[in-house]
Amino acid sequence: MQGIVLQLTRVGFLLLLWLFIWAVLRVLRNDSYAATGQRPLARYARPTKRKDGRTKGAARHLVVTHGALANTRINLGTQPILLGRAPDSTLVLSDDYASERHARLSPRGDDWYVEDLGSTNGTYLDRAKVTTAVRVPIGTPVRVGKTVIELRP
């Protein structure tokens, strides 16, 4: 009888160990997608076209959610958006932590990509530092200095 209990304990321990390893791998996978700004294709659907030719779920506005310009809204078109303290920026930031030419949001098809332009304090997509051009999902915060922006449909 003790042999059966010992075997069942070993099998239960191995099962728990494999469940733990699976959970760790799942978290690592999700974190790696968050750091690159991409999402697993199997879990998230691509935007679909409407009858009028526009893309359902595509970003139409840039909204400042935190900072001195909170609630500022910019309509998105086909031109890139320059963020920074320079007077010729699309969104001029009065933020001591923003560089003159801090970051750029550029459209590529229906997606928008953010890239840091060599700023001193960096640009962050959610909590990940942007080092190359990274796709910005709708509703994901982009931090430039003390200013936080989001793309909205």
Side-chain angles (χ1 to χ4, degrees), residues 14-153:
L14 284 175
L15 181 64
L16 286 174
L17 183 63
W18 279 110
L19 286 173
F20 175 75
I21 291 171
W22 177 77
V24 168
L25 290 175
R26 187 170 169 214
V27 167
L28 288 174
R29 187 188 110 203
N30 288 341
D31 284 350
S32 68
Y33 282 116
T36 61
Q38 298 174 350
R39 294 183 177 178
L41 295 177
R43 293 180 57 194
Y44 300 97
R46 300 288 295 164
T48 56
K49 296 277 184 183
R50 295 181 180 176
K51 290 180 182 178
D52 61 1
R54 296 187 315 167
T55 303
K56 180 181 178 183
R60 303 261 181 254
H61 307 284
L62 175 73
V63 178
V64 179
T65 58
H66 293 89
L69 298 172
N71 299 321
T72 301
R73 183 180 181 127
I74 297 175
N75 292 326
L76 299 175
T78 57
Q79 298 298 317
I81 295 182
L82 185 62
L83 307 168
R85 291 186 319 193
D88 62 338
S89 297
T90 311
L91 183 62
V92 180
L93 304 174
S94 56
D95 185 346
D96 292 336
Y97 295 96
S99 298
E100 289 289 316
R101 298 191 189 292
H102 196 101
R104 177 177 34 236
L105 280 166
S106 306
R108 295 183 191 171
D110 290 328
D111 295 326
W112 283 83
Y113 285 75
V114 64
E115 59 184 311
D116 187 79
L117 300 177
S119 65
T120 304
N121 294 317
T123 303
Y124 293 84
L125 178 64
D126 203 1
R127 287 175 273 161
K129 189 169 186 175
V130 174
T131 56
T132 63
V134 178
R135 189 176 75 81
V136 180
I138 292 176
T140 303
V142 176
R143 186 166 53 89
V144 174
K146 291 183 178 179
T147 305
V148 180
I149 59 173
E150 289 182 9
L151 296 176
R152 301 275 172 87

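The basis for the numbers below is simple: all heavy atoms, side chains too, and nothing from hydrogens, waters or symmetry mates.
We find the OG-CZ distance between S94 and R85 to be 10.0 Å, quoted to the nearest 0.5 Å. In this structure, T120 OG1 and E100 CD are separated by 10.0 Å, a value rounded to the nearest 0.5 Å. Taking NZ of K129 as the reference point, atom OG1 of T123 lies at 8.5 Å (rounded to 0.5 Å). Separating the CG atom in L16 from the CD1 atom in I21 is a distance of 11.5 Å, to the nearest 0.5 Å. Between the CD atom in Q79 and the OG atom in S106 there is a gap of 10.0 Å [rounded to 0.5 Å]. Rounding to the nearest 0.5 angstrom, the gap separating the OH atom in Y113 from the CG atom in L125 is 11.5 Å.
Residue Y97 places its OH atom among 12 or fewer non-hydrogen atoms of other residues, nucleotides or ligands, all under 6.0 Å distant. At most 12 non-hydrogen atoms from other residues, nucleotides or ligands lie less than 6.0 angstrom from CG of N71.
Heavy-atom minimum distance, P153 versus I138: CD-CG2, 3.5 Å. Here the closest non-hydrogen pair linking L69 and V92 is CD1-O, 3.3 Å. Across P80 and R104, no two heavy atoms sit closer than the pair CB-CD, 3.8 Å. G77 and W112 make their closest contact through O-CZ2, 3.4 Å (heavy atoms, listed as atom of the first residue, atom of the second, distance). Residue R152 comes nearest to V63 through the heavy atom pair CG-CG2, 3.7 Å, listed as atom of the first residue, atom of the second, then distance.
Of the possible polar contacts, none joining the S119 side chain to the D116 backbone as a donor-acceptor pair under 3.5 Å is found.
The side-chain hydrogen bond (donor to acceptor under 3.5 Å, both in side chains) check on R73 picks up H61, with sequence neighbours excluded.
Checking L93, V144, V148, L91 one by one against V64, the side chain to side chain contact (heavy atoms under 4.5 Å, CB included) holds for a single residue, L91.
A salt bridge does not link D110 with R135: none of the charged nitrogens is closer than 4.0 Å to a carboxylate oxygen.
At least one side-chain heavy atom of D88 sits less than 4.5 Å from a side-chain heavy atom of R101. The shortest side-chain heavy-atom distance between L117 and L82 falls under the 4.5 Å cut-off.
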Starting from the C-alpha separation in whole Å, work towards a yes-or-no answer on side chain to side chain contact (heavy atoms under 4.5 Å, CB included) for L83 and I149. CA-CA 10 Å; L83 307 168; I149 59 173; 3.6 Å; yes
